[in-house]
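All values reported here derive from a predicted model rather than from experimental measurement. Below, all heavy atoms of this structure are taken into account, side chains as well, without hydrogens, waters or symmetry copies.
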Amino acid sequence: MASVTLQEITKQYEDVTAVDDMNLEIRDGEFITFVGPSGCGKSTTMETIAGLTLPTEGTISIGERDVTDLPPKDRGISMVFQNIALFPHMDVYENISFGLRLRKYDQEEIDRRVEEAADVVQLEGMMDRMPKEMSGGQRQRVAIARAIVREPEVFLMDEPLANLDAELRVHMRTQLQRLHRELDTTIIYVTHDQAQAMTMSDRIAVINGGVLQQVAPPLECYNEPANLFVAGFIGSPAMNFIEGEVIDDGFQSQYTQIDFDPETHGVTPGQDITVGIRPEDVFLEEDARKAASPTKAFDAVVDVIEPMGKEVNAYLLFNRDVEASAEGRGEGQLLINLAPDTDIAEGDDIRVVMDRENIHLFDRASGDAITHSLE
Amino acid sequence: MSEKDQADLAAMERTDEPDLDRGIVEAWAAKMISNPDRAYRATFYVATIFFLVTTLFPFYWLLMVALTPRNRLSSVGVLTPGGFNPGAFVEIFTRLPFHRYIFNSFLIAVVATVIVLLVASLAGYVFGRLRFRAKNVLLLSVLVTSFFPPAAFFVPLNRLFNRNIDILRPLMQDGSLYNTPYAIFIPLSALYLPLSIFILMTFYSQIPDGLEDAARVEGTTRLGALFRIIVPLSAPGVATAGVLTFITVYNEYFFSSLMTDGRPQSWAPMLEGILRFQGEFEVLFNLMAAASIVAVLPVAILVIVAQEKIVSGLTAGAVKE
């Protein structure tokens, strides 16, 4: 158990900056997830913590020790890799005991620890199997056993569930949470899947372009995203964004108008802003009482309906002249989340309201959040 | 459609192909065309038998010569010996210490192979797995070295090894490397290094990065990861490089004969020993043949052993994750 501190970590490759001036304090015993799109620098950040790559600048401490220049083996960490990385020429026992044997533990101690670790991940009776004789999930459990057997201070996991099928992934997700509860170790977890980040973590560190965007508990990232990137990345389906301008008595975009007092919400008339609203915070006019504080209703046309079972996703257009964009949700389109029994059909003209309590305002130039509620 | 075309069409539709009924060859050809698998199998056997005969027949003939008593050497048949004299296989060790020649060659080959595998492993790791500036220039210069004919290095090396070097005095009697095994395996190791570097580089570069990272996190250094994970997983490549180096050095004649005076105690190699059966007035062909067969045995055994290693299931799917 140990805290991990990153101070001004920068990793510069010849042509790109993979990590840019990252400062992060990871608490003792915390389950923190680095999340971001592919190539955002989250894996590089983890590799610098592991010691597999050396940062160009900055210092890393684990516990009270400065480990910036220590090789991986002396950092008191263990790691689970995306491609599992079991040693193919060793059986399960040899794989799990590899680190202990290198550290010259005595045989009894090794046997006891391997047995304990195998017990935690339910691998009893598979000790003499070779990795290639095992299923993906079993290999993953061996990799986890290999990581926990050394009782590391910090546990690093680089997309450990990425190569598993969907059902197994959900199962392993709960397993990992249980593991964290049992081991009570600091766990740093890297994923590009915001669902994994949301469900497992104590805190999420959202990274984009090598820069830390927000570090906060999952629900805070969801409800109070620090900027446009976090707002768009966390949550599925993603938040709706409407670009427009602040006017004297509120917000004006090409298709909508929302009334509020600019002064109380820290914006000035003429400022370019983006309004963010999550799909579940938009309601049909007749359901307006479900919103804590509905805006006035505006017209929309139902474009596409996606029944999901427990809910219905409806893609709306603000009027019949809007062209549906081929790439993502374009200007003039709005995704809303409705109860499964809602009676609407594609092509219907409807009227919708937004919940003012959950309207986010972002400064378009900087991308930073201005407010998370218009109440 | 002309009349001729129609006639051709009609001919194509006929199944009995009367034109091919005329002789044995035509009948055989027709059979092969209708059953290509047979043709492939026949070709395979023909090629295999041809290959086996051309490679194994010289050995067989060597045996025939070795078994023929010396005074009847002129009557060796194509397939039968001119007599039966297995004593030649004993005589080669009594007339000359031929075992010492074999031991010399064997030891030099083993040492050279170990040196080559060690150095080429390190170089192969660096070239195959690390990214650094001037990598291609370095790799190219290694390659260029291997293109030089060995003779180009001979004169300077021979001068060097014949010189008395003071710092070597405590190690060598006269401070010179001439007539020592060092004079043979040092240049030979260097000459055959590039090939092994290339073989090992290719194999090492294919081991997934994750395995090396995992080993380093688990507690090895980079060097430890190389010898505990990368080398065992590249067993076929290491075996290939090792066998090739061993065979080339064991069979090498040019350097090994010129760097010694040819006496067994001067670390003269096996080939030098075989040639010693060639006297001033007569050539003992039967002994030379017997010695050649004995000299081949270590290599033959090695190849058989290494081949099992290469084929063994250990490596099947080893690198796949």
> Rounded to the nearest 0.5 Å, what separation is found between the CZ atom of B:Arg216 and the CZ atom of A:Arg75?
Replying inline: 9.5 Å
> Are B:Glu218 and A:Arg150 close enough that some pair of their side-chain heavy atoms sits under 4.5 Å apart?
Replying inline: yes
>> Contact between B:Leu233 and A:Pro88 at the side-chain level, heavy atoms closer than 4.5 Å - yes or no?
In response: yes
> So which heavy atom on A:His89 is nearest to which on B:Pro232, and how close?
Replying inline: CD2-CB, 3.6 Å
> Taking everything shown except A:Glu108 itself, do over 12 heavy atoms lie less than 6.0 Å from its CD?
Replying inline: no
> Would one find more than 12 heavy atoms of other residues, nucleotides or ligands at under 6.0 Å from atom CD of A:Glu64?
Replying inline: no
>> I'd like to know whether CZ of B:Arg38 has more than 12 heavy-atom contacts from other residues, nucleotides or ligands below 6.0 angstrom.
In response: no
> Just wondering, more than 12 heavy atoms not from A:Glu167 lying within 6.0 Å of its CD?
Replying inline: no
> Are A:Met79 and B:Asp213 close enough that some pair of their side-chain heavy atoms sits under 4.5 Å apart?
Replying inline: no
>> For A:Asn83 versus B:Pro208, what's the shortest heavy-atom pair and its separation?
In response: ND2-CB, 4.4 Å
>> So if I take each residue of residues 106-120 of chain B and look for any heavy atom under 4.5 Å from a heavy atom in chain A, which residues do I end up with?
In response: none
>> Going by side-chain contact (heavy atoms from CB on, under 4.5 Å), A:Phe81 matches just one of B:Leu211, B:Asp209, B:Val217. Which one?
In response: B:Val217
> A:Arg146 versus chain B, heavy atoms under 4.5 Å apart: side chain, backbone, both or neither?
Replying inline: both
> B:Ala214 and A:Ala85: which non-hydrogen atoms are nearest, and at how many Å?
Replying inline: CB-O, 3.9 Å
> Taking everything shown except B:Phe254 itself, do over 12 heavy atoms lie less than 6.0 Å from its CZ?
Replying inline: yes
> Around B:Phe132, counting heavy atoms of other residues, nucleotides and ligands shown, do more than 12 lie under 6.0 Å from its CZ?
Replying inline: yes
>> For a 4.5 angstrom cut-off between non-hydrogen side-chain atoms, does B:Arg228 reach A:Phe87?
In response: no
>> Report which part of A:Leu52 has an atom under 4.5 Å of a heavy atom belonging to chain B: side chain, backbone, both, or neither.
In response: both
> Does atom CD of A:Glu115 have more than 12 heavy-atom neighbours from other groups under 6.0 Å away?
Replying inline: no
